Amino acid sequence: NAGVTQTPKFQVLKTGQSMTLQCAQDMNHEYMSWYRQDPGMGLRLIHYSVGAGITDQGEVPNGYNVSRSTTEDFPLRLLSAAPSQTSVYFCASATWGGHEAFFGQGTRLTVV
Amino acid sequence: GENVEQHPSTLSVQEGDSAVIKCTYSDSASNYFPWYKQELGKGPQLIIDIRSNVGEKKDQRIAVTLNKTAKHFSLHITETQPEDSAVYFCAASLNTGNQFYFGTGTSLTVIP
(Lines give C-alpha, C1' and ligand atoms only; values in the text may rest on other atoms or scores of the structure.)
Protein backbone atom coordinates (compact mmCIF):
# COMPACT_ATOMS: atom_id res chain seq x y z
CA ASN A 1 0.00 0.00 0.00
CA ALA A 2 1.81 3.10 -1.28
CA GLY A 3 -0.43 5.71 0.42
CA VAL A 4 0.16 9.21 -0.98
CA THR A 5 2.86 9.47 -3.65
CA GLN A 6 4.32 12.77 -4.80
CA THR A 7 6.60 13.33 -7.77
CA PRO A 8 9.13 14.73 -8.25
CA LYS A 9 10.90 14.90 -4.89
CA PHE A 10 13.11 17.81 -5.96
CA GLN A 11 12.77 20.38 -8.72
CA VAL A 12 14.56 23.55 -9.77
CA LEU A 13 12.72 25.95 -12.07
CA LYS A 14 13.61 29.21 -13.69
CA THR A 15 11.33 32.18 -13.16
CA GLY A 16 8.48 32.07 -15.65
CA GLN A 17 8.65 28.33 -16.31
CA SER A 18 5.65 26.13 -15.76
CA MET A 19 5.42 22.71 -14.21
CA THR A 20 3.04 20.23 -12.62
CA LEU A 21 3.54 18.60 -9.24
CA GLN A 22 1.99 15.16 -9.25
CA CYS A 23 0.06 13.60 -6.38
CA ALA A 24 -1.57 10.17 -6.37
CA GLN A 25 -3.24 8.17 -3.61
CA ASP A 26 -4.31 4.54 -3.63
CA MET A 27 -6.58 4.61 -0.56
CA ASN A 28 -9.75 5.64 -2.43
CA HIS A 29 -9.92 8.82 -0.34
CA GLU A 30 -12.45 11.45 -1.34
CA TYR A 31 -10.56 14.40 0.09
CA MET A 32 -7.27 15.63 -1.33
CA SER A 33 -5.40 18.84 -0.66
CA TRP A 34 -2.17 20.71 -1.31
CA TYR A 35 -0.13 22.57 1.31
CA ARG A 36 3.06 24.56 1.11
CA GLN A 37 5.53 24.63 3.96
CA ASP A 38 7.77 27.62 4.52
CA PRO A 39 10.21 28.21 7.40
CA GLY A 40 8.50 29.71 10.42
CA MET A 41 5.06 29.57 8.80
CA GLY A 42 3.91 26.01 9.21
CA LEU A 43 1.79 24.47 6.47
CA ARG A 44 -0.65 26.60 4.52
CA LEU A 45 -3.51 25.26 2.43
CA ILE A 46 -3.29 26.05 -1.30
CA HIS A 47 -6.20 24.15 -2.88
CA TYR A 48 -8.38 21.26 -1.90
CA SER A 49 -10.89 18.84 -3.40
CA VAL A 50 -13.79 16.95 -1.86
CA GLY A 51 -14.17 14.59 -4.82
CA ALA A 52 -13.57 14.10 -8.51
CA GLY A 53 -14.57 17.19 -10.48
CA ILE A 54 -14.74 19.44 -7.41
CA THR A 55 -11.97 21.81 -6.30
CA ASP A 56 -11.79 24.92 -4.17
CA GLN A 57 -9.28 27.50 -2.98
CA GLY A 58 -7.49 27.46 0.33
CA GLU A 59 -5.52 30.19 2.13
CA VAL A 60 -2.86 30.84 -0.52
CA PRO A 61 -4.21 29.86 -3.98
CA ASN A 62 -2.67 32.62 -6.13
CA GLY A 63 -0.29 31.33 -8.79
CA TYR A 64 -1.53 27.73 -8.59
CA ASN A 65 -4.14 25.73 -10.47
CA VAL A 66 -5.57 22.31 -9.70
CA SER A 67 -7.93 19.80 -11.25
CA ARG A 68 -9.40 16.51 -10.06
CA SER A 69 -10.43 14.31 -12.95
CA THR A 70 -10.08 11.06 -11.00
CA THR A 71 -10.34 10.07 -7.35
CA GLU A 72 -6.70 9.02 -7.30
CA ASP A 73 -4.91 12.03 -8.79
CA PHE A 74 -4.70 15.68 -7.77
CA PRO A 75 -2.00 17.56 -9.72
CA LEU A 76 -0.85 21.06 -8.79
CA ARG A 77 0.12 23.36 -11.66
CA LEU A 78 2.39 26.37 -11.55
CA LEU A 79 1.70 28.32 -14.75
CA SER A 80 4.52 30.88 -14.39
CA ALA A 81 6.86 30.13 -11.52
CA ALA A 82 8.05 32.94 -9.27
CA PRO A 83 10.81 32.94 -6.60
CA SER A 84 8.08 33.40 -3.97
CA GLN A 85 6.89 29.90 -4.83
CA THR A 86 10.12 28.36 -3.57
CA SER A 87 8.85 26.03 -0.89
CA VAL A 88 8.21 22.44 0.11
CA TYR A 89 4.87 21.20 -1.17
CA PHE A 90 2.84 18.49 0.49
CA CYS A 91 -0.16 16.64 -0.84
CA ALA A 92 -2.58 15.03 1.60
CA SER A 93 -5.63 12.80 1.38
CA ALA A 94 -8.40 11.85 3.80
CA THR A 95 -11.55 9.81 3.76
CA TRP A 96 -14.99 11.39 3.92
CA GLY A 97 -16.34 11.21 7.43
CA GLY A 98 -12.88 10.59 8.84
CA HIS A 99 -10.40 13.16 9.97
CA GLU A 100 -6.87 11.86 9.69
CA ALA A 101 -5.02 13.33 6.75
CA PHE A 102 -2.25 11.23 5.21
CA PHE A 103 0.63 13.24 3.78
CA GLY A 104 3.02 12.49 0.97
CA GLN A 105 6.79 12.83 1.33
CA GLY A 106 6.84 16.30 -0.19
CA THR A 107 8.29 18.06 -3.23
CA ARG A 108 11.06 20.58 -2.62
CA LEU A 109 10.75 23.28 -5.28
CA THR A 110 13.31 26.01 -5.90
CA VAL A 111 12.56 28.85 -8.32
CA VAL A 112 15.59 30.84 -9.41
CA GLY B 1 -10.47 32.50 8.79
CA GLU B 2 -8.94 30.37 11.50
CA ASN B 3 -5.66 31.43 13.12
CA VAL B 4 -3.62 28.91 15.07
CA GLU B 5 -0.71 30.01 17.24
CA GLN B 6 1.84 27.56 18.61
CA HIS B 7 4.47 27.91 21.34
CA PRO B 8 7.31 27.43 21.87
CA SER B 9 9.03 27.38 18.49
CA THR B 10 11.95 25.37 19.91
CA LEU B 11 12.13 23.11 22.93
CA SER B 12 15.03 21.14 24.38
CA VAL B 13 14.54 18.60 27.15
CA GLN B 14 16.64 15.96 28.82
CA GLU B 15 15.79 12.38 28.03
CA GLY B 16 13.15 11.15 30.46
CA ASP B 17 11.72 14.61 31.11
CA SER B 18 8.32 15.80 29.92
CA ALA B 19 7.65 18.16 27.03
CA VAL B 20 4.61 20.41 26.62
CA ILE B 21 3.60 22.28 23.48
CA LYS B 22 0.71 24.72 23.51
CA CYS B 23 -1.61 26.00 20.78
CA THR B 24 -4.44 28.51 20.65
CA TYR B 25 -7.05 28.92 17.94
CA SER B 26 -9.41 31.71 17.01
CA ASP B 27 -12.48 30.16 15.38
CA SER B 28 -14.89 28.76 17.95
CA ALA B 29 -16.46 26.60 15.21
CA SER B 30 -13.31 24.46 14.91
CA ASN B 31 -13.96 21.06 16.42
CA TYR B 32 -11.11 18.78 15.43
CA PHE B 33 -7.54 19.26 16.66
CA PRO B 34 -4.80 16.93 15.42
CA TRP B 35 -1.12 16.87 16.25
CA TYR B 36 1.39 15.92 13.59
CA LYS B 37 5.03 14.87 13.93
CA GLN B 38 7.40 15.63 11.10
CA GLU B 39 10.80 14.03 10.87
CA LEU B 40 13.52 15.47 8.68
CA GLY B 41 12.79 15.01 5.00
CA LYS B 42 9.40 13.40 5.57
CA GLY B 43 5.78 14.42 5.48
CA PRO B 44 3.80 15.10 8.67
CA GLN B 45 2.36 12.06 10.41
CA LEU B 46 -0.60 12.09 12.78
CA ILE B 47 0.34 11.14 16.35
CA ILE B 48 -2.81 12.01 18.27
CA ASP B 49 -6.00 13.98 17.82
CA ILE B 50 -8.91 15.23 19.84
CA ARG B 51 -12.45 16.25 19.03
CA SER B 52 -14.30 19.10 20.66
CA ASN B 53 -16.57 16.90 22.73
CA VAL B 54 -13.57 15.47 24.60
CA GLY B 55 -11.37 17.26 27.13
CA GLU B 56 -8.41 14.92 27.22
CA LYS B 57 -7.05 11.97 25.29
CA LYS B 58 -4.06 9.78 26.04
CA ASP B 59 -2.08 7.27 24.03
CA GLN B 60 0.81 5.73 25.96
CA ARG B 61 3.36 8.54 26.52
CA ILE B 62 1.40 11.13 24.55
CA ALA B 63 -1.62 13.09 25.72
CA VAL B 64 -3.61 16.02 24.40
CA THR B 65 -5.85 18.35 26.39
CA LEU B 66 -8.46 20.72 25.02
CA ASN B 67 -10.07 23.74 26.65
CA LYS B 68 -12.82 24.90 24.30
CA THR B 69 -13.79 27.85 26.45
CA ALA B 70 -10.29 29.28 26.36
CA LYS B 71 -9.68 27.99 22.81
CA HIS B 72 -6.43 26.30 23.55
CA PHE B 73 -5.07 22.78 23.38
CA SER B 74 -1.80 21.22 24.40
CA LEU B 75 0.40 18.24 23.62
CA HIS B 76 2.11 16.46 26.49
CA ILE B 77 4.91 13.95 25.95
CA THR B 78 6.14 12.12 29.04
CA GLU B 79 9.34 10.12 29.50
CA THR B 80 10.82 11.63 26.37
CA GLN B 81 13.20 9.60 24.24
CA PRO B 82 15.73 10.68 21.59
CA GLU B 83 13.43 9.35 18.87
CA ASP B 84 10.84 11.93 19.95
CA SER B 85 13.12 14.61 18.46
CA ALA B 86 11.22 16.11 15.52
CA VAL B 87 9.06 19.06 14.55
CA TYR B 88 5.53 18.96 15.95
CA PHE B 89 2.59 20.79 14.44
CA CYS B 90 -0.82 21.44 15.91
CA ALA B 91 -3.79 22.08 13.66
CA ALA B 92 -7.45 23.00 13.80
CA SER B 93 -10.23 21.96 11.46
CA LEU B 94 -13.95 22.43 10.96
CA ASN B 95 -15.01 18.80 11.19
CA THR B 96 -13.30 17.81 7.99
CA GLY B 97 -10.15 15.98 7.04
CA ASN B 98 -9.62 18.33 4.17
CA GLN B 99 -8.90 21.83 5.43
CA PHE B 100 -6.44 22.17 8.25
CA TYR B 101 -5.06 25.36 9.73
CA PHE B 102 -1.62 24.62 11.12
CA GLY B 103 0.46 26.19 13.81
CA THR B 104 4.00 27.27 12.97
CA GLY B 105 5.62 24.20 14.50
CA THR B 106 7.78 23.31 17.48
CA SER B 107 11.23 21.82 17.01
CA LEU B 108 11.71 19.37 19.89
CA THR B 109 15.17 18.11 20.76
CA VAL B 110 15.57 15.36 23.34
CA ILE B 111 19.08 15.34 24.75
CA PRO B 112 20.39 11.86 25.68
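Heavy-atom basis, side chains included; hydrogens, waters and symmetry copies ignored. Proteins come first, then strands; the chains are lettered A, B, ... in the order of their sequence lines, and each starts at number 1. All values reported here derive from a predicted model rather than from experimental measurement.
Looking at every heavy atom in both residues, B:Phe89 comes nearest to A:Gly42 through CE2-CA, 3.7 Å.
A distance of 7.5 Å separates CD in B:Gln99 from OH in A:Tyr35, rounded to the nearest 0.5 Å. Taking CD of B:Gln38 as the start and CG of A:Leu43 as the end, the distance is 6.5 Å to the nearest 0.5 Å.
At most 12 non-hydrogen atoms from other residues, nucleotides or ligands lie less than 6.0 angstrom from CZ of A:Arg108. Residue B:Gln45 qualifies as open at atom CD: its count of foreign heavy atoms under 6.0 Å is 12 or below.
Hydrophobic clustering of Ile, Leu, Val, Met, Phe, Trp and Tyr side chains at less than 4.5 Å, counting indirect connections, unites A:Tyr89 with A:Val111. The same ILVMFWY cluster, assembled from side-chain heavy atoms under 4.5 Å apart, contains both B:Tyr32 and A:Val50. A:Ile54 and A:Leu45 fall within a single hydrophobic cluster, where Ile, Leu, Val, Met, Phe, Trp and Tyr side chains are chained together by heavy-atom contacts under 4.5 Å.
There is no contact between B:Pro34 and chain A, counting heavy-atom distances below 4.5 Å. Only the side chain of A:Gln37 comes within contact range of chain B, with heavy atoms under 4.5 Å apart.
Using a 30° and 60° split on the angle between ring planes, B:Phe102 and A:Phe103 fall in the perpendicular class, above 60°.
Note: A:Ser49 leads A:Ala92, A:Ser49, A:Cys91 in heavy-atom pairs under 4.5 Å with chain B.
Between the side chain of B:Tyr101 and the backbone N or O of A:Glu59, no donor-acceptor pair lies under 3.5 Å.
The side chain to side chain donor-acceptor pair (under 3.5 Å) check on B:Lys57 picks up B:Asp49, with sequence neighbours excluded.
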